[in-house]
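The block underneath contains the structure these notes are about, expressed in structure tokens.
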2 protein chains.
Amino acid sequence: MSSKRSDVDAYQLSEQAGFNLRRANQRHVAIFSKLVKGLTPTQFAALARLNEHGAISQNRLGRLTAMDSATIKGVVERLKAKGLVLSRSDLKDRRMRLVELSDKGRSVFETELVAALHARTETLAPLTEEEAKTFEALLSKLV
Amino acid sequence: MSSKRSDVDAYQLSEQAGFNLRRANQRHVAIFSKLVKGLTPTQFAALARLNEHGAISQNRLGRLTAMDSATIKGVVERLKAKGLVLSRSDLKDRRMRLVELSDKGRSVFETELVAALHARTETLAPLTEEEAKTFEALLSKLV
DNA sequence: CCGAGATTGCTCGTATACAAACAGATGTTG
DNA sequence: CAACATCTGTTTGTATACGAGCAATCTCGG
């Protein structure tokens, strides 16, 4: 199933939604890293979910933050190393590893929240208020 | 610089543009991987740029595909291993490593182009034609 | 109660992604 | 032309991201 010459020549990577999705994400990560010191976007996402849900299993935290079990394991490991989360095994279900915010983790989350919101603002800065609203609405349909 | 309690409680990760940008990108990568066999989105992007530009230096290819020199090195390495690109050193500038499509690389690119376009379509499928146009236009301002 | 199936978390392997430090080649400029 | 800056590609280390395969545990139907 090959393509016509004209298709091949007309294909412009820069116009591809997938490529631009990747670049927009790269840009957001860069902005976030600049504004939020000491936490990656994924680590911050994990703290946010723990703040929302309290003590939950590691895999559930992974699902809530869109990370598979292998990825969330590493994230939790690094958050534990920073003293931002605690984990303990569940007495009812001995498979489970309950994860929750430490006092320090809660404090760091609350402190960095402002910077995280600034990161969102700066990421969307090339758009007008109206456009940003539209963009976020459409984006939420693509997740 | 901490946050008010109300801010902390009101923060909803799922509504954050950055988080959704990451998830939308994950979804696109998954769709692309399902439809385009044997090539990652980044590998395909590199082939597309080489198809557009002919023989170019490895770092320049990296800039055209939004990868730093460490990342593009690995991508080119794997494309070489698959026999899709060739690389040789430039005689004029002995620092440079010129990279170009092999015949097989060009053929694979042309073959997979259709699937890549389908991936874009499926990624944007939750949107109407009109919304997709709007989304792509706004997205292109955020790269 | 028992065995099939599901779930939890782990490990390994591969592929981006990027910061930082490096050596070698090229360029620029006083 | 020599000093310096810049650019090339490489390497190392860290952090997602995910497929695949694994053992331990739980659930549920019979």
Side-chain angles (χ1 to χ4, degrees), chain A residues 18-19 21-34 36-47 55-82 84 87-99, chain B residues 18-19 21-34 36-47 55-82 84 87-99:
Chain A
F19 182 61
L21 223 34
R22 171 170 153 264
R23 289 206 293 163
N25 188 46
Q26 284 179 347
R27 176 166 164 274
H28 173 260
V29 172
I31 291 171
F32 192 98
S33 302
K34 183 186 67 180
V36 182
K37 288 304 179 191
L39 285 176
T40 65
T42 47
Q43 289 168 4
F44 185 80
L47 297 187
I56 53 179
S57 82
Q58 187 172 291
N59 274 5
R60 178 153 151 69
L61 178 59
R63 286 191 295 273
L64 289 169
T65 50
M67 300 178 220
D68 74 351
S69 60
T71 302
I72 193 62
K73 184 194 188 300
V75 173
V76 167
E77 200 170 86
R78 288 181 281 278
L79 289 175
K80 279 186 72 169
K82 295 181 193 191
L84 303 182
S87 76
R88 55 194 159 83
S89 50
D90 188 313
L91 300 181
K92 309 268 180 49
D93 187 337
R94 294 185 4 249
R95 292 169 303 179
M96 291 212 286
R97 201 92 200 117
L98 289 180
V99 185
Chain B
F19 182 61
L21 222 33
R22 169 168 154 267
R23 289 205 293 164
N25 187 48
Q26 285 179 345
R27 178 166 164 273
H28 173 260
V29 171
I31 291 171
F32 192 98
S33 301
K34 183 186 67 181
V36 182
K37 288 302 178 191
L39 285 177
T40 65
T42 47
Q43 289 169 3
F44 185 81
L47 296 186
I56 54 180
S57 81
Q58 185 172 291
N59 275 4
R60 179 154 150 66
L61 178 59
R63 286 190 296 273
L64 289 169
T65 49
M67 300 177 220
D68 75 351
S69 60
T71 303
I72 193 62
K73 183 190 189 302
V75 173
V76 167
E77 203 169 86
R78 288 181 281 277
L79 288 174
K80 280 187 70 169
K82 297 181 192 190
L84 303 182
S87 76
R88 54 192 160 84
S89 50
D90 188 312
L91 300 181
K92 309 268 181 48
D93 187 338
R94 297 187 359 250
R95 292 170 303 181
M96 291 211 288
R97 199 102 196 109
L98 289 180
V99 185

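Below, chain A is the first sequence line, B the second, and so on; all start at residue 1.
- In terms of phosphate contacts, B/R95 brings no side-chain nitrogen or oxygen within less than 4.0 Å of OP1 or OP2 of C/dC22.
- Closest contact between the side chain of B/Q58 and the listed nucleotides D/dG9, D/dT12, C/dT26 involves D/dG9.
- Candidate nucleotides D/dC26, C/dT16, D/dA17 were compared by shortest atom distance to the side chain of A/T71, and D/dA17 ranks first.
- Residues B/K82 and B/A70 both approach DNA chain C. Their nearest nucleotides, taken by heavy-atom distance, put B/K82 toward the 5′ side.
- Contact annotation for B/S69: base contact, defined as any heavy-atom pair under 4.0 Å involving a base atom.
- At least one side-chain heavy atom of B/R60 sits under 4.5 Å from a side-chain heavy atom of B/R63.
- Between the CD atom of A/Q26 and the C1' atom of D/dT16 there is a distance of 13 Å, given to the nearest Å.
- In this structure, B/N59 reaches the bases: a heavy-atom distance under 4.0 Å links it to at least one base atom across the strands shown.
- Atom CD in A/Q43 sits about 10 Å away from atom C1' in D/dT14, given to the nearest Å.
- Put simply, CZ on A/R27 is 14 Å from P on C/dC18, counting in whole angstrom units.
- Residues B/L84 and B/L39 meet the side-chain proximity criterion, which asks for heavy atoms closer than 4.5 Å.
- The distance from atom CG of A/D90 to atom P of D/dT25 is 13 Å, rounded to the nearest whole Å.
- Between D/dA17, C/dT16, C/dA17, one nucleotide has an atom nearer to the side chain of B/V75 than all others, and that is C/dT16.
- Taking the charged nitrogens against the carboxylate oxygens, B/R95 and B/D93 do have a contact shorter than 4.0 Å, which makes a salt bridge.
- D/dA17 atom C1' lies 17 Å from atom CZ of B/F32, rounded to whole Å.
- Between B/R63 and D/dT8 there is a side-chain polar atom (N or O) within less than 4.0 angstrom of OP1 or OP2.
- Spacing between atom NZ of B/K73 and atom C1' of C/dA19 amounts to 17 Å, rounded to whole angstrom units.
- Atom CE of residue B/M67 and atom CZ of residue A/R22 lie 4.5 Å apart, to the nearest 0.5 angstrom.
- Residue contacts for B/S57: at a heavy-atom cut-off of 4.0 Å it reaches the sugar-phosphate backbone alone, with no base atom in range.
- The shortest distance between the side-chain N/O atoms of B/R60 and the OP1/OP2 oxygens of D/dC7 is not below 4.0 Å.
- Remark: B/R94 is in phosphate contact with C/dA25, judged by side-chain N or O atoms under 4.0 Å from OP1 or OP2.
- Note on A/V29: nothing from the nucleic acid sits closer than 4.0 angstrom, heavy atoms only.
- In terms of position on DNA chain D, the residue among A/R78 and A/D93 whose nearest nucleotide sits closer to the 5' end is A/R78.
- The backbone N or O of A/G38 sits less than 3.5 Å from a side-chain atom of A/K82, completing a donor-acceptor pair.
- When rounded to the nearest whole Å, the span between CG of B/D68 and P of D/dT11 equals 14 Å.
- For the pair B/S87 and B/K80, the minimum side-chain heavy-atom distance is below 4.5 Å.
- Taking atom CD1 of residue A/I72 and atom P of nucleotide D/dC18, one finds them 12 Å apart after rounding to whole Å.
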